[in-house]
Amino acid sequence: MANYSPSCKFGFHSLQFGLTDTSKQTSNADAAVFIPTPCCVSKQFVYTFFARQKQQLHSKGFHFFINIQPSRVVKKQCVIINKPCYLHFHTKDDTSYIASFFLLSTKKSTLLFIFLSFPGHNSTNNSMACTGNRQPKVPVFTFIFMFVATVLFSCDRVRGQTSAVFACDVAKNPAVAGYGFCDKSLSVEDRVADLVKRLTLQEKIGNLVNSAASVSRLGIPKYEWWSEALHGVSNVGPGTHFSSVVPGATSFPMPILTAASFNTSLFQAIGRVVSTEARAMYNVGLAGLTYWSPNINIFRDPRWGRGQETPGEDPLLSGKYATGYVKGLQQTDDGDSNKLKVAACCKHYTAYDLDNWKGVQRYSFNAVVTQQDLDDTFQPPFKSCVIDGNVASVMCSYNQVNGKPTCADPDLLKGIIRGKWKLNGYIVSDCDSVEVLFKDQHYTKTPEEAAAETILAGLDLNCGNYLGQYTEGAVKQGLVDEASINNAVSNNFATLMRLGFFDGDPSKQPYGNLGPKDVCTSENRELAREAARQGIVLLKNSPGSLPLNAKAIKTLAVIGPNANATRVMIGNYEGIPCNYISPLQALTALVPTSYAPGCPNVQCANAQLDDATQIAASADATVIIVGASLAIEAESLDRINILLPGQQQLLVSEVANASKGPVILVIMSGGGMDVSFAKSNDKITSILWVGYPGEAGGAAITDVIFGFYNPSGRLPMTWYPQSYVNKVPMTNMNMRADPATGYPGRTYRFYKGDTVFSFGDGMSFSSIAHKIIKAPQLVSIPLSEDHECRSSECMSLDVADEHCLNLVFDIHLGVKNAGQRSSSHVVLLFFTPPAVHNAPQKHLLAFEKVHLPGKSEAQIKFKVDVCKDLTVVDELGNKKVPLGQHLLHVGNLKHPLSVKV
């Protein structure tokens, strides 16, 4: 999903604004509330920040920050509320800009107005254009402010409305009761057909875009399709807002950390909470019903800024996450698969995992992918999402795949999503993708051709306005027929039908009793904390280090740029959380602490060593919390290296050398880091990876450090050494290693090289042992008498129904907790197939999370379907069952399995 218009050419797609209270001790930009710009506007734009009721504003003013990614953060202190201040800055292309800030306090809320002018560009009618460092004249600013304030207060009233948007409102318009599309006794198909036949061409076209037009003559209000719920209800999309009625929603960990729990029931539980809060907000007019989440792209390259949004690098784990989260979002209490609680969307289809790397932009990137890699790595999560999760939508991506834009590829959309996988829902473009394939990729000669080609390929909804602007012209030019438009808009309306949008008053429908009381409940917030605990990964633990004993700690040194993180913990595509519990706050609530940030921000251009080493030298134990933030890895911002940013490594090493007690290194990041120095440093006694742990992240980290929770997370991605990214271009999509060129491959399935930490790594405070209780050593595949493999040597068999029926066996495993502490444990079952078809060297076959009380054991049974689970994809994309010796892996155990005809 894009927050910014791809047609913006001003060189700062990632421009952000932020503020912190000057009464706070820090003016650190990382502590700021950063606001991503909703778009890059060619003249000026205005943004409002509605302060939550619980937030008290300090009369001395605020520090304002502009985060000009990826170059730098600039700061200005505004010391007087209700008067404007100005911040002049340059982007990396040396273009001049002026941001005008005005903070207005009222009884109900606080508004932050940001006027951004671009004096460095030709804007003949820009009312705020300036030259040099000159500030705009106050009368002009005041006039604009008064106008915008009026508009925004009006918007605030709209945002604060207490009723949902819906069609078929019989109480308001009794005539709609006679329309077939309002008749709940009819099938969805019949209702949709009745509606579509009543619409004009222009009305149909108005419902091909995310800001869908109203059809007032039929009692259909306008509807905003774009809402986000990546890890909680978000206000990134225009379909969702927070207000004094619902000031925030539960913010769970970023998906990369949730995936590290390897707990499918947790994936679904989070989805259920998010959908409940979404429905509650919909009922009071603050949210929509369609959510463009989750992101299930494969985390192929450690530099990708959006890897934090994904479940990691493994296709099976990604597919299980997609299925679980989507079911949690969509499934209704009555279990009717044709109804939707909210509509989820799996994105970004397909082979999308590069945003902005060394000048290569996602808008024009052509992902050259082999059929084998496409079918055994990039497509499986989407297949699982559609078939197993029954997702209501799939989003096509910006990039091209093998020369074709994904949103204009009929093989990918009509052929696979609808044809093979039988999507029951709609296909939506990433924002402005239709415009991008014309303007940025020059794939079509005219906008009308772009509209026609995407609709004919199977696109139903355009996030953006291109289909709204150019589809009628495409019809007039004979490029697309109205029947194709009918098909597209029918898929959209069918989704709204399944959501109950056309069922009348939501308060009289299922979930109509939900409201603000159901958002940010204590149970929901506790689940956010539990999700973070379950995902946290213990990567190193020397004897006598973790867990710390709270009673024995007289003073704890807490150091690092993320030690007092709040906003950083909730990552991107975030909403406003219920509240924050920072690491420093949680640790201080338990034991006496001394704190030094050690760096001014996560970029850490200059480490501040004196205070940090001084408090570490006198403390009983030291916790160093470092890592990244959206200033390092984000949408439109891929990393160049995978080392700790700036002088963080220097800070960690110097503090560790000065410390007298155990040193616990906590890494807060989405992607892996080359922390080889810390892994080999005996003074650093423990290493924890905590992802971006959500609103309760600090509490979860404290729970693990002090042993209130026994860590059980496992890495969902490989942590490579820096040498890997030095020699592997991010643009090389090949998964498999190539010995001829020295290309090392990607992910644990194909990478041949050293790792800092491997996929699946993770420790606990307990000693866990495995044993194989029951598993076959031979599986025979029945073949017909005339099958060619009866008379000749075959390396593999096609997956076919005639010899795959009931070809299933069980594996029984024993798991024993030898320690005194209760522990959850993730059992990972891998298999290594015979060396045919350039198969993976190792592949995750199944996983399960089990809870083990101290000194206990349990049995786990995995059901293995030979033609589903023990298959590989050949060079042409066909599924095959390799014949010969397979190897099953559980922990350090290996079990041979022969598959023969």
Item to check | side-chain hydrogen bond (donor to acceptor under 3.5 Å, both in side chains) assessment of Asp375 paired with Gln371 | outcome: CA-CA 6 Å; Asp375 287 335; Gln371 192 64 48; 2.8 Å; yes
Item to check | Chi angles and distances behind the side chain to side chain contact (heavy atoms under 4.5 Å, CB included) call for Tyr363, Asp432 | outcome: CA-CA 10 Å; Tyr363 306 117; Asp432 296 317; over 6 Å; no
Next on the checklist: With side chain to side chain contact (heavy atoms under 4.5 Å, CB included) as the criterion, how do Arg362 and Tyr352 come out once you've worked through the C-alpha distance, each side chain's angles and the decisive distance to 0.1 Å?
Outcome noted: CA-CA 8 Å; Arg362 58 184 174 170; Tyr352 167 75; 3.0 Å; yes
Next on the checklist: Apply side-chain hydrogen bond (donor to acceptor under 3.5 Å, both in side chains) to residues Asp430 and Ser433 and explain how you reach the verdict.
Outcome noted: CA-CA 5 Å; Asp430 204 340; Ser433 285; 5.2 Å; no
Checklist entry - Given the rule in the side-chain hydrogen bond (donor to acceptor under 3.5 Å, both in side chains) test, do Asp409 and Thr406 qualify, once you have shown the distances and angles that lead to the verdict? => result CA-CA 5 Å; Asp409 190 333; Thr406 62; over 6 Å; no
Item to check | Derivation of the side chain to side chain contact (heavy atoms under 4.5 Å, CB included) call for Phe242 and Leu286 | outcome: CA-CA 7 Å; Phe242 293 103; Leu286 293 174; over 6 Å; no
Item to check | Trace of the side chain to side chain contact (heavy atoms under 4.5 Å, CB included) decision for Val394 with Cys385 | outcome: CA-CA 9 Å; Val394 174; Cys385 186; 6.0 Å; no
Checklist entry - Would Glu224 and Ser211 satisfy side-chain hydrogen bond (donor to acceptor under 3.5 Å, both in side chains), going step by step from the backbone distance to the final call? => result CA-CA 5 Å; Glu224 177 54 63; Ser211 296; 2.6 Å; yes
Next on the checklist: Show, in sequence, the C-alpha distance, side-chain angles and deciding distance for Glu875 and Arg736, and conclude whether the salt bridge (charged side-chain N to carboxylate O under 4.0 Å, His left out) test is met.
Outcome noted: CA-CA 11 Å; Glu875 293 79 358; Arg736 288 158 166 81; over 6 Å; no
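In terms of modelled atom types and a separation under 3.5 Å, the side chain of Asn207 and the main chain of Glu203 share a donor-acceptor contact. Checking side-chain atoms of Ser429 against main-chain N and O of Asn462 turns up no donor-acceptor pair under 3.5 Å. Put simply, the side chain of Thr471 never gets that close to the backbone of Gly468: no donor and acceptor are under 3.5 Å apart. Put simply, the side chain of Thr310 gets close to the backbone of Gly312: a donor and an acceptor are under 3.5 Å apart. Panel note: side chain Asp373, backbone Met735; a donor-acceptor pair is recorded below 3.5 Å. Put simply, the side chain of Arg303 gets close to the backbone of Val725: a donor and an acceptor are under 3.5 Å apart. In this structure a side-chain-to-backbone donor-acceptor pair under 3.5 Å is present from Gln330 to Asn390. Glu449 places a side-chain N or O within donor-acceptor distance of the main-chain N or O of Lys445, the cut-off being under 3.5 Å. Using modelled atom types, no side-chain atom of Glu472 and backbone atom of Ile205 make a donor-acceptor pair closer than 3.5 Å. Between the Asn399 side chain and the Asp355 main chain, no donor and acceptor come within less than 3.5 Å of each other.
Applying the side-chain hydrogen bond (donor to acceptor under 3.5 Å, both in side chains) test to Asn492 and every residue at least two apart in sequence or in another chain returns nothing. Not a single side-chain hydrogen bond (donor to acceptor under 3.5 Å, both in side chains) links Arg279 to another residue, sequence neighbours left out. With sequence neighbours excluded, no residue forms a side-chain hydrogen bond (donor to acceptor under 3.5 Å, both in side chains) with Gln308. With sequence neighbours excluded, the residues satisfying side-chain hydrogen bond (donor to acceptor under 3.5 Å, both in side chains) with Asp194 are Arg198.
Using a 4.0 Å cut-off between charged nitrogen and carboxylate oxygen, Lys404 and Glu453 do not count as a salt-bridge pair. Taking the charged nitrogens against the carboxylate oxygens, Asp353 and Arg746 have no contact shorter than 4.0 Å, which rules out a salt bridge. Between Asp503 and Arg191 there is a salt bridge, since at least one side-chain N of the basic residue sits less than 4.0 Å from a carboxylate O of the acidic one.
Separating the OG atom in Ser484 from the CD1 atom in Ile455 is a distance of 7.5 Å, to the nearest 0.5 Å. Distance CG/Asn295 to CD1/Ile256: 10.0 Å, rounded to 0.5 Å. Glu574 contributes atom CD, which lies 8.5 Å from atom CE of Met254 (distance to the nearest 0.5 angstrom). To the nearest 0.5 Å, atoms CD1 (Ile298) and OG1 (Thr747) are separated by 8.0 Å. In this structure, CE on Met730 lies 9.0 Å from CE on Met733, to the nearest 0.5 angstrom. With rounding to the nearest 0.5 Å, the separation of CG in Leu637 from CZ in Arg639 is 10.0 Å.
Annotation: side chain of Pro447 is in contact with side chain of Tyr466 (closest heavy-atom distance under 4.5 Å). Looking only at side-chain heavy atoms (C-beta outward), Pro294 and Val326 come within less than 4.5 Å of each other. With a 4.5 Å cut-off on side-chain heavy atoms, Val873 and Thr377 do not count as touching. Under the 4.5 Å side-chain criterion, counting only non-hydrogen atoms from C-beta, Leu456 is not in contact with Leu479. Counting only heavy atoms from C-beta outward, the side chains of Cys396 and Leu459 approach each other to under 4.5 Å. In this structure, Tyr470 and Thr446 have side chains that are not in contact, with every pair of non-hydrogen atoms separated by 4.5 Å or more. In this structure, the side chains of Ile485 and Leu208 come closer than 4.5 Å at one or more pairs of heavy atoms. At a threshold of 4.5 Å between non-hydrogen side-chain atoms, the residues Leu499 and Thr290 count as touching.
When all heavy atoms are compared, the tightest approach of Leu413 to Ala457 is CB-O, 3.2 Å. In terms of heavy-atom proximity, Ser397 sits nearest to His348 at CB-CB, 3.7 Å. Taking every heavy atom of both residues into account, Asn734 and Asn732 meet most closely at N-OD1, 3.0 Å. For Thr240 against Gly288, the heavy-atom pair with the smallest separation is OG1-N, 4.2 Å. Considering every non-hydrogen atom in both Pro405 and Gly403, the closest pair reads CD-O, 4.2 Å.
Test Asn210, Val236, Leu230 against Trp292 for side chain to side chain contact (heavy atoms under 4.5 Å, CB included) and you get one pass: Asn210.
Note on residues 423-452: pairs passing ring-ring contact (aromatic ring centres under 6.0 Å, His included), not counting sequence neighbours, are Trp225-Tyr426. Within the structure, the ring-ring contact (aromatic ring centres under 6.0 Å, His included) test picks out the following pairs touching residues 370-392 (sequence neighbours left out): Tyr349-Phe382.
Applying the 6.0 Å contact sphere to NZ of Lys339 captures no more than 12 heavy atoms from other residues, nucleotides or ligands.
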